[in-house]
*Asks:* 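Below is the structure I would like to discuss, written out as structure tokens.
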Amino acid sequence: NLKTIFYMSNASNNIHLLRFNEYRHIFIGTEYFDRDAQVTKMLRAYDELCLTSQASIDKLSKQIDISDLTIKKIGKPQLKHLMIGKKDPNCFLYLFPTDDELFDLKILKSIINYISEKNFTISFVVPKNLKIFNKFLADFEKQLNEFSLIQGLNYKIYNELTDDLLISNQNIICDLYSYNQKFLASNSIVYIYKPNGISTEIVFKDKYISFDGFYSFSSADELMNILNNGDNMKETREKFCEYWIGKEPIFDIKLKEII
């Protein structure tokens, strides 16, 4: 009774199944196909391509001729739950880098002072695998807890990032390495720390990725200027989300339309 075969990868050994013309062959890729996967002409062998968004289509069109391919945009349904829910604009989420070479104490102190002065709330995510080479950062989580208490901060400390944190926090502060496309899907305002001297092209070599619509900073002063000037990129961010994740097809697509 087999009629249709779905493919999550574009592996070369797929050819063993693709030769059976009596079946319908549909490529659906993986969660990060639009960012990571290599594009090959073999994609033309499938009867249909189900891609996440316009970003996926554009990635293909730059490397192969897609004029005669059947393509459907389906978005990223696995991120749908992040797009639903009410956020608190006064809640911040701060992700510590996994390497203390990217850690800037001045930035952290500025953030804590800002949150304290505004009477906002903040959730810190201190990863369990935090690499500490600086002896002054020994027992870092304990120091963070004590300093936050002294400042009268309304805070919580977590050891891992969860979807619940993404859903409940309107503002996310992270660095290039800890950025996740889930942040975009969660409709959050994202502030990305990009230290001077670090090239985005090198960090994301061979990745199809962009940070349009996000705020980037390389110092505490830059971040404070951004925070004090308010959010003026909401519309850009929404267009960016549609382009990269395909928000519209996530809510509109029906399984029967694919099968």
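All residue numbers refer to positions in the sequence shown, counting from 1.
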*Asks:* Please tell me whether F27 and F20 are part of a single hydrophobic cluster in this structure, the criterion being side-chain heavy atoms less than 4.5 Å apart.
*Replies:*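 Same cluster: F27 reaches F20 through Ile, Leu, Val, Met, Phe, Trp or Tyr contacts under 4.5 Å.
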
*Asks:* Mind checking the CG-CG spacing from L93 to N169? Nearest 0.5 Å is all I need.
*Replies:*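 Here the interatomic distance stands at 5.0 Å.
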
*Asks:* Going by distance alone, is a donor N or O of one side chain under 3.5 Å from an acceptor N or O of the other, for Y94 and N171?
*Replies:*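 The answer is no; no qualifying pair exists.
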
*Asks:* Identify the heavy atoms of D58 and S61 that sit nearest to each other, and give their distance.
*Replies:*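 Heavy-atom minimum between the residues: O-OG, 2.9 Å.
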
*Asks:* Does a side-chain heavy-atom distance below 4.5 Å link R237 with D231?
*Replies:*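 The answer is yes, as the side chains (C-beta and beyond) meet within the 4.5 Å cut-off.
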
*Asks:* Examine distances only and state if a side-chain atom of N13 and a backbone atom of I15 form a donor-acceptor pair shorter than 3.5 Å.
*Replies:*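 No, the answer is negative, given that no donor and acceptor are paired below the 3.5 Å cut-off.
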
*Asks:* Using only heavy-atom distances, determine whether the side chains of S219 and D221 contain a donor-acceptor pair under 3.5 Å.
*Replies:*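 Distance-only check fails for S219 and D221.
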
*Asks:* Is there a continuous path of hydrophobic side-chain contacts, each under 4.5 Å between heavy atoms, that joins I150 to I115?
*Replies:*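 No, separate clusters.
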
*Asks:* Does F214 have its ring centroid less than 6.0 Å away from the ring centroid of F240?
*Replies:*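 Centroid distance F214-F240: below 6.0 Å, so yes.
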
*Asks:* Between S116 and L153, what is the shortest heavy-atom contact and its length?
*Replies:*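 Smallest interatomic distance, heavy atoms only, reads N-CD1, 3.7 Å.
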
*Asks:* Take F120 and D88 through the test side-chain contact (heavy atoms from CB on, under 4.5 Å) and record every step on the way to the result.
*Replies:* CA-CA 10 Å; F120 291 165; D88 188 335; over 6 Å; no

*Asks:* Just so I know, are the side chains of F147 and N145 near enough to count as touching, which here means a heavy-atom distance under 4.5 Å?
*Replies:*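 No. Closest side-chain heavy atoms not under 4.5 Å.
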
*Asks:* Write down the atom of N232, the atom of Y215, and the distance for their closest heavy-atom approach.
*Replies:*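 The pair with the smallest heavy-atom distance is N-OH, 2.8 Å.
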
*Asks:* Would you compute the distance between atom CG of L95 and atom OH of Y177 and round it to the nearest 0.5 angstrom?
*Replies:*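 Interatomic distance, L95 CG to Y177 OH, rounded to 0.5 Å: 15.5 Å.
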
*Asks:* Show your reasoning for whether side-chain contact (heavy atoms from CB on, under 4.5 Å) applies to Y193 and C174.
*Replies:* CA-CA 6 Å; Y193 174 48; C174 63; over 6 Å; no

*Asks:* As an exercise, state the distance from CG of L43 to CG of N10, rounded to the nearest 0.5 Å.
*Replies:*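 One finds 4.0 Å between CG of L43 and CG of N10.
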
*Asks:* Taking the side chain as every heavy atom from C-beta outward, state whether S148 and Y155 have any pair of such atoms under 4.5 Å apart.
*Replies:*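 A side-chain contact exists here, since the closest heavy-atom pair is under 4.5 Å.
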
*Asks:* Can you check whether T121 reaches N90 side chain to side chain, under 4.5 Å on heavy atoms?
*Replies:*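 SC-SC contact between T121 and N90 ruled out.
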
*Asks:* Taking C-beta and beyond as the side chain, do L49 and I57 meet within less than 4.5 Å on heavy atoms?
*Replies:*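 SC-SC contact between L49 and I57 ruled out.
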
*Asks:* Show your working on side-chain contact (heavy atoms from CB on, under 4.5 Å) between K73 and L51 and close with a plain yes or no.
*Replies:* CA-CA 5 Å; K73 287 192 287 187; L51 304 178; 5.6 Å; no

*Asks:* Compare every heavy atom of G75 with every heavy atom of P249, then report the nearest pair and how far apart it is.
*Replies:*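 Nearest pair, atom of P249 first, then G75: CG-N, 3.8 Å.
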
*Asks:* Please check: side-chain N/O of K59 versus main-chain N/O of Q54, any donor-acceptor pairing under 3.5 Å?
*Replies:*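 Between the backbone of Q54 and the side chain of K59 there is no qualifying donor-acceptor contact (under 3.5 Å).
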
*Asks:* Over all heavy atoms of both residues, which pair between I226 and S216 is shortest? Give the atoms and the distance, please.
*Replies:*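 Reported closest heavy-atom pair: CD1-O, 3.5 Å.
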
*Asks:* Look at the side chain of S53 and the backbone N and O of Y243, then say whether any donor-acceptor pair between them is shorter than 3.5 Å.
*Replies:*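 Yes, S53 side chain to Y243 backbone: donor-acceptor pair under 3.5 Å.
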
*Asks:* Less than 4.5 Å apart, side chain to side chain, heavy atoms only: is that true for S218 and K194?
*Replies:*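 A side-chain contact under 4.5 Å is absent here.
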
*Asks:* First locate atom CG of L82, then atom CG of N187, and finally report the distance between them rounded to the nearest 0.5 Å.
*Replies:*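 So the CG of L82 and the CG of N187 are separated by 9.0 Å.
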
*Asks:* Using the test side chain to side chain donor-acceptor pair (under 3.5 Å), find all partners of D68 that sit at least two apart in sequence or belong to another chain.
*Replies:*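 Side chain to side chain donor-acceptor pair (under 3.5 Å) list for D68, sorted by chain: R44.
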
*Asks:* Using residues 157-164 as the side-chain source, report each donor-acceptor pair under 3.5 Å to any protein atom, sequence neighbours left out, with the distance given to one decimal.
*Replies:*
| unit_1 | atom_1 | unit_2 | atom_2 | d |
| --- | --- | --- | --- | --- |
| N159 | ND2 | V126 | O | 3.1 |
| N159 | ND2 | E141 | OE1 | 3.3 |
| T162 | OG1 | L165 | N | 3.4 |
| D163 | OD1 | K182 | NZ | 3.1 |
| D163 | OD2 | H81 | NE2 | 2.8 |

*Asks:* Closest heavy-atom contact between C91 and S168?
*Replies:*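 Closest approach of C91 to S168: CB-O, 4.0 Å.
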
*Asks:* Is any side-chain heavy atom of I245 closer than 4.5 Å to a side-chain heavy atom of T52?
*Replies:*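 The answer is no; the side chains never approach within 4.5 Å.
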
*Asks:* Which is it for E117 and N113 under the side chain to side chain donor-acceptor pair (under 3.5 Å) test, yes or no, and what are the steps along the way?
*Replies:* CA-CA 6 Å; E117 290 173 2; N113 289 335; 5.9 Å; no

*Asks:* So, the side chain of S186 versus the backbone of M83: is there a donor-acceptor pair under 3.5 Å, distance only?
*Replies:*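 Flag not set: sc S186 to bb M83 has no pair under 3.5 Å.
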
*Asks:* With heavy-atom distances below 4.5 Å as the criterion, would you say the side chains of R24 and K3 are in contact?
*Replies:*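 No, their side chains stay 4.5 Å or more apart.
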
*Asks:* Establish, from distance only, whether the side-chain atoms of K76 and Q181 form a donor-acceptor pair under 3.5 Å.
*Replies:*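 Yes, Q181 and K76 have a side-chain donor paired with an acceptor closer than 3.5 Å.
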
*Asks:* Please round to the nearest 0.5 Å and tell me the distance separating atom OH of Y46 and atom CG of L18.
*Replies:*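 Going from the OH atom of Y46 to the CG atom of L18 covers 5.0 Å.
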
*Asks:* State, without any angle test, whether N228 and Y114 hold a side-chain donor-acceptor pair at a distance under 3.5 Å.
*Replies:*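 Their side chains do not contain a donor-acceptor pair, so the 3.5 Å distance test is not met.
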
*Asks:* Got a second to check how far K109's NZ is from Q151's CD, nearest 0.5 Å?
*Replies:*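 Rounded to the nearest 0.5 Å, the NZ-CD separation comes out at 9.0 Å.
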
*Asks:* Using only heavy-atom distances, determine whether the side chains of S178 and D175 contain a donor-acceptor pair under 3.5 Å.
*Replies:*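 Distance-only check passes for S178 and D175.
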
*Asks:* Check the angle between the aromatic planes of Y23 and H25 and answer parallel, tilted or perpendicular using the 30° and 60° thresholds.
*Replies:*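 Because their plane-to-plane angle is over 60°, the rings of Y23 and H25 count as perpendicular.
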
*Asks:* I5 and I26: side-chain contact (heavy atoms from CB on, under 4.5 Å), yes or no, with the steps?
*Replies:* CA-CA 6 Å; I5 302 174; I26 301 179; over 6 Å; no

*Asks:* Parallel, tilted or perpendicular, judged at 30° and 60°: which one describes the rings of Y191 and F92?
*Replies:*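 Because their plane-to-plane angle is under 30°, the rings of Y191 and F92 count as parallel.
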
